[in-house]
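The structure appears below as structure tokens.
Reckoned from all heavy atoms, side chains included, excluding hydrogens, waters and symmetry mates. From a predicted model like this one, the values you see are computed outputs, not experimental measurements. Chain identifiers are assigned alphabetically (A, B, ...) following the order of the sequence lines, protein sequences preceding nucleic acid strands; residue numbering begins at 1 within each chain.
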There are 2 protein chains.
Amino acid sequence: MSEALRPMVKSRLYEQVLERLRAYVSEAGLKAGDKLPAERELAASLGVSRASVKQAIVVLEVQGLVEARHGGGTYLVRDTLDVEPVEQLVERRKRLPEVLEAREALETKLAELAAERRTDDELADIRDSLDFMRDEIIGGGFGVEGDRRFHAAVTAAAHSSLLADFMKTIAGQITESRNESLRQPGRPHRSLAQHTAIYEAIAAGDPKKAAAAMRKHVRTVAKVRLLDWVPED
Amino acid sequence: MSEALRPMVKSRLYEQVLERLRAYVSEAGLKAGDKLPAERELAASLGVSRASVKQAIVVLEVQGLVEARHGGGTYLVRDTLDVEPVEQLVERRKRLPEVLEAREALETKLAELAAERRTDDELADIRDSLDFMRDEIIGGGFGVEGDRRFHAAVTAAAHSSLLADFMKTIAGQITESRNESLRQPGRPHRSLAQHTAIYEAIAAGDPKKAAAAMRKHVRTVAKVRLLDWVPED
DNA sequence: GTGGCCTAGTGGCTGAGCCACTTGGAGCGA
DNA sequence: TCGCTCCAAGTGGCTCAGCCACTAGGCCAC
């Protein structure tokens, strides 16, 4: 109660940086794909430390408004730094089933191609991602990052730049579904088993088996997501 | 295209910290209000720098899952660190009109009381927040922080711990509406004018005028929000 | 008991620095 | 001239060490 009368939250510096950044983007008329000033430069011109600028950028990153490329600069994903209104979120969510259908089509083929075309190095990459996932899960994590690496490695091993490009366009939504799916009870271990099956088929050079294993995996993910989202209309 | 086949995003360290943190909370059975380990401690036990831990905490902060009190530790807001599913977001959103009604009731009375009870120091605080808001707007910002400080200062000046507690329970949703409202074109300046009117009434010790000015202001905010959210059902 | 004070604990922020990765151009060879 | 390699500059990722501001809790004086 003594605390109730005081200001409710202290403003954090990164929040002010955030606001300045948003204002800058709209004033400078930056569009999707445009490059933001370098972190060191921003820190200098805003008169704050680089760490604070970093915190602001991290926030924009998790909100999907910005993409930071290691060594290559930070880029706008949309034409603005404003957070997506709830309405659009819902809209996007309604299109998720479509995305998961598309994912099934693409990844099934990718697994098939990977089984045929993978080099030994690429197979090792897939194996590494599987190990990483296992470590994550053993360490109490969900294996999110390992899952991501696995699918990226399979995509690379398929040697189809066109399919890879398609995957890229739905990568964001897949990430979303991955995060949610892997948080379900017992999910990480089941996921690990399914990925292992995919890996083994690819290692054995068996395209049909790889495709089947991948299809089963993607459908597992999709089913959960489709079930827990029942639009009221 | 050469880039299309490579892993799509590199994992950031703060994301892994995030995952560990979530796992920790669920394993340790922490509940809303419980204290997280200190940043230095987390950094040490996770084997990462404090800056990375900080980035993860900032993410949790903007997602409203955690509250960091300067000098007082970091606390869970809910029973979990998982992000709120879209469904609940929509649910909460539907209750927003109610919140804004409640806000009108509370803040109108708070303004009235502040006009009667404010000390000179408190009046100065309100004045300061107004100046801060003006600076923000001149500097290209939206005046979000100044707005927050203004209402906090008025609440303090009203000397009603009960009303202040009520305000606290809807503070989160008010913040949300503030962020969105102030981003509308021309909004910051109009907001500044309305706040100035409230300030002047409080300074003059005119409770009726203060209440009226506050009511007008809150209704402006509410109207915009109510208009742009039309549930489909 | 009450109130003020002091100190340890903790978050906020900074500055300097190293490493990893990207990019673009210089320079070399065919 | 074209194309390739390689390197240096630019930039993000992360760490370390440290200072300051604020909070909380215990101690002490009254």
Whole angstroms only, please: what is the [atom1]-[atom2] distance between [X] and [N]?
X	N	atom1	atom2	result
L13(A)	dA21(D)	CG	C1'	14 Å
Q16(B)	dT15(D)	CD	C1'	16 Å
R69(B)	dT10(C)	CZ	P	14 Å
I57(A)	dG12(D)	CD1	P	7 Å
L18(A)	dC13(C)	CG	P	13 Å
E39(B)	dC22(D)	CD	P	16 Å
E15(B)	dG13(D)	CD	P	11 Å
E67(A)	dC21(C)	CD	C1'	14 Å

Relative to the 5' end of DNA chain C, which residue comes earlier, G72(A) or K35(B), by the nucleotide with the nearest heavy atom?
K35(B)

Y75(A) or Q55(A), whichever maps to the more 5' nucleotide of DNA chain C:
Q55(A)

With the threshold set at 4.0 Å, does a side-chain nitrogen-carboxylate oxygen contact exist between E112(B) and K109(B)?
yes

Measuring from the side chain of [X] (C-beta onward, heavy atoms only), which nucleotide among [options] has the closest atom?
X	options	result
R40(B)	dT11(D), dT15(D), dC19(D)	dC19(D)
R50(A)	dG12(D), dT15(D), dC13(C)	dG12(D)
S49(B)	dC13(C), dG13(D), dT15(D)	dT15(D)
H70(A)	dG12(D), dG11(C), dG15(C)	dG12(D)

To the nearest 0.5 Å, atom CE of M214(B) lies from atom CD1 of I202(B) at 6.0 Å

Out of curiosity, L13(A) CG to S52(A) OG, how far, rounded to the nearest 0.5 Å?
4.5 Å

Does the side chain of [X] get closer than 4.0 angstrom to OP1 or OP2 of [N] through an N or O atom?
X	N	result
R12(B)	dG13(D)	yes
T74(A)	dG12(D)	yes
K54(A)	dG13(D)	yes

What's A51(A) touching, base or sugar-phosphate or nothing? Going by heavy atoms closer than 4.0 Å.
base

From the list R12(A), Q55(A), E15(A), side-chain contact (heavy atoms from CB on, under 4.5 Å) with E61(B) holds only for R12(A)

Is the ring pair H195(A)/F150(A) parallel, tilted or perpendicular, if the boundaries are 30 and 60 degrees?
perpendicular

